[in-house]
Amino acid sequence: MFDFATLALGAGSAVGLAALLSTDPIVVRKAYVPLVIEYYQGYNGMLVSKLLRERIRIIAREAGTSRGDSLGVFNADESAIDVLAERLYVDGIVDSLREFLDLQSYSIDPYLVQSPDGVKLGLKGESADGQLFYLSVKGGQDTDIPVLIDKLAQLFIEKVDPYVLTLYYFRQEYSQGDFTKSLPMIEQRVRVLPQASKIWPLLLWGRVHYRLGEYDQAILKYQEVLRIDPNFPLAIARWGEALAAKGDIKGGLEKMQLAVVKMYQDENATRHLKSLAPVIYTLLGDHLVKIGADEAAREVYVQGLALASDNPLLQTSLGALYLRHGQFDPAITLLQSALVTHPDPSVPRKLLDQAMAKESVPQS
C-alpha cells in the first residue's frame with residue numbers, strides 16, 4: 001500500500017535585503033513637482049518619489065531576482081550576496097548577478113516638469129563611485145503620472161541592471177509565448193557579455209525556444225551553456241526537460257538525474273545548492289510523477305526541500321502528490337505554505353481547496 005510519511009517543514013520566509021544589510025542601495029530623494037500638478041492632480045514630491053521607488057521594487061520582485069524588495073547591491077559587498085544565496089531560493093540568479101552586475105548603490109533625484117508639449121518625468125542618478133547619469137520619459141498633457149513612473153522605473157533598471165529588466169519581460173511574456181520585449185534583450189546580453197557571463201541569458205534563450213515548442217533549438221542553447229561550463233547542472237536539467245518534451249522520457253530523466261549529481265560534484269554549483277536545487281529537483285520529481293514513479297518522486301521532492309524548505313514549487317509538487325494519495329493533512333500544510341510565495345498562487349490555491357474539501361468528507 002502506498003504510504004507517505006508526513007514531512008515536517010520549518011517555518012520561515014524570504015528575508016529582504018533591507019533586513020539583511022544596513023545600507024539602502026537606492027536612495028530616492030523627494031521629487032521636484034510643479035505646484036500646478038500638485039494642486040490639480042494631487043502628486044506631491046514625496047508621493048512621486050515613493051511611487052517610483054515602489055515601482056522599482058515591484059519590477060525587481062516580479063523579475064524573481066534574489067534582491068527581495070530592493071534593486072542593486074550594497075557597497076560592492078560580495079559577502080552580502082552570499083548571505084542572499086543562502087537565504088533566498090530563486091533559480092540561481094545570484095551567480096549571474098555576481099558575474100556581471102555593477103555592484104553599486106545609487107541615489108536618485110526625480111523631477112516632474114510640465115510644458116505646453118506635455119509632461120516629462122526624469123531623474124538625476126548618481127552611483128556610489130560618483131558617476132552621474134540622467135534619464136527621462138515624456139507624455140502628453142493627458143498622460144497619467146503612474147504611467148510615466150512605470151516607464152521611468154523600467155528605464156532606470158535597464159540602465160543599472162538590464163538583466164533584471166530582461167527577466168521581468170521574460171516572465172511577463174512566458175505565459176503567452178510572445179517574447180517581443182525579452183528576446184531582443186536576451187540576444188543583446190549574449191552579444192555584449194563576456195563569455196563566462198553568457199550562461200544565464202543563454203539559459204533564458206533556451207527556455208524561449210522550449211516555450212515555443214522548438215525543443216531542438218532549446219537543446220542547442222543549453223549545449224552552448226555547457227561549452228562554457230561543462231558541469232553546469234541547470235543546463236543539464238533543462239536539456240533533460242526538452243528531451244522529455246520531445247518524447248524521450250528515458251533520456252530526459254537521465255539528464256535530470258545527472259544534473260542532481262553535478263550539483264554536488266561541481267564546485268561552482270555546490271556553493272549555491274539552495275538556489276539551484278528547487279528547479280532541478282522539481283523538474284525531476286514532476287517528470288517521475290508523469291511516469292507513475294510516485295515513491296521515487298516523493299523522495300526527490302523531500303531531498304529538494306531538505307535544501308530549500310520554503311520553496312513554493314517543491315511544496316506545491318509534493319503537496320499535490322500527497323493529495324493524490326489521500327494524505328490531506330501534509331498536503332494542506334505544504335500548500336498553505338506555498339500559497340504565500342508561489343509565483344502563480346492560483347496553482348496551490350486550487351490544490352488547497354481540493355485538499356480542504358476532501359478532508360471534510362466523512363469517512364465511509
Side-chain angles (χ1 to χ4, degrees), residues 7 9-10 12 14 64-66 78 81-99 167 196-204 206-207 210 218-219 221-245 248-291 293 295-318 321 341 343:
L7 176 67
L9 295 176
T65 71
S66 60
E78 289 198 16
I81 300 295
D82 288 328
V83 170
L84 293 175
E86 292 298 316
R87 299 197 186 188
L88 307 177
Y89 319 125
V90 282
D91 294 4
I93 301 301
V94 170
D95 288 336
S96 66
L97 297 177
R98 174 182 284 123
E99 287 175 4
L167 280 170
S197 300
K198 296 180 189 291
I199 286 176
W200 292 100
L202 282 169
L203 278 170
L204 280 189
R207 294 199 66 201
Y210 178 86
I219 290 171
K221 293 303 176 186
Y222 303 143
Q223 289 173 337
E224 284 188 55
V225 172
L226 292 168
R227 281 195 287 272
I228 299 172
D229 182 351
N231 296 311
F232 192 67
L234 194 52
I236 298 171
R238 291 294 186 193
W239 185 350
E241 179 186 36
L243 285 174
D248 184 3
I249 304 299
K250 181 176 181 294
L253 286 172
E254 287 175 352
K255 288 292 183 186
M256 294 175 203
Q257 289 162 343
L258 176 61
V260 172
V261 173
K262 291 295 185 183
M263 276 197 302
Y264 294 92
Q265 289 181 344
D266 182 57
E267 181 180 348
N268 292 326
T270 53
R271 290 205 313 268
H272 302 293
L273 270 177
K274 289 182 179 180
S275 58
L276 294 174
V279 181
I280 295 173
Y281 278 113
T282 301
L283 280 175
L284 176 56
D286 289 354
H287 280 81
L288 287 169
V289 168
K290 288 179 182 178
I291 64 170
E295 286 279 12
R298 176 195 172 275
E299 183 178 346
V300 166
Y301 294 142
V302 171
Q303 288 173 356
L305 285 165
L307 295 170
S309 63
D310 58 357
N311 181 266
L313 300 180
L314 285 166
Q315 289 172 336
T316 300
S317 289
L318 183 55
L321 195 55
T341 57

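Given the structure is predicted, the values throughout are model-derived calculations rather than measurements.
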Closest non-hydrogen atom pair, [X] against [Y]:
| X | Y | result |
| --- | --- | --- |
| T282 | Y301 | O-CE2, 4.3 Å |
| G304 | L314 | C-CD1, 3.6 Å |
| A235 | L203 | CA-CD2, 3.8 Å |
| I249 | A244 | CD1-O, 3.6 Å |
| Y281 | M263 | CE1-CE, 3.6 Å |
| D229 | I199 | CB-CD1, 4.0 Å |

Would you say the side chain of Q265 lies within less than 4.5 Å of the side chain of N231, judging by non-hydrogen atoms? no
Answer yes or no: is there a side-chain heavy-atom contact under 4.5 Å between V260 and V300? no
Going by the rule side-chain contact (heavy atoms from CB on, under 4.5 Å), which residues pair with [X] if we only count those two or more places apart in sequence or in a different chain?
| X | result |
| --- | --- |
| K221 | L202, W205, H209, E224 |
| L258 | I236, K262 |
| E299 | Q303 |
| A237 | A259, I280, L283 |

Working to the nearest 0.5 angstrom, can you tell me the gap between [X] [atom1] and [Y] [atom2]?
| X | Y | atom1 | atom2 | result |
| --- | --- | --- | --- | --- |
| T341 | N311 | OG1 | CG | 7.5 Å |
| Y222 | E241 | OH | CD | 6.0 Å |
| L288 | S317 | CG | OG | 11.0 Å |
| L234 | L226 | CG | CG | 10.0 Å |

Using the salt bridge (charged side-chain N to carboxylate O under 4.0 Å, His left out) criterion, which residues pair with E254? Sequence neighbours excluded. K250
Given the rule in the side-chain contact (heavy atoms from CB on, under 4.5 Å) test, do I219 and Q223 qualify, once you have shown the distances and angles that lead to the verdict? CA-CA 6 Å; I219 290 171; Q223 289 173 337; 3.7 Å; yes
Ring centres of F232 and W239 under 6.0 Å apart? no
Answer yes or no: is there an ion pair linking R298 with E295, defined by an N-O contact shorter than 4.0 Å? no
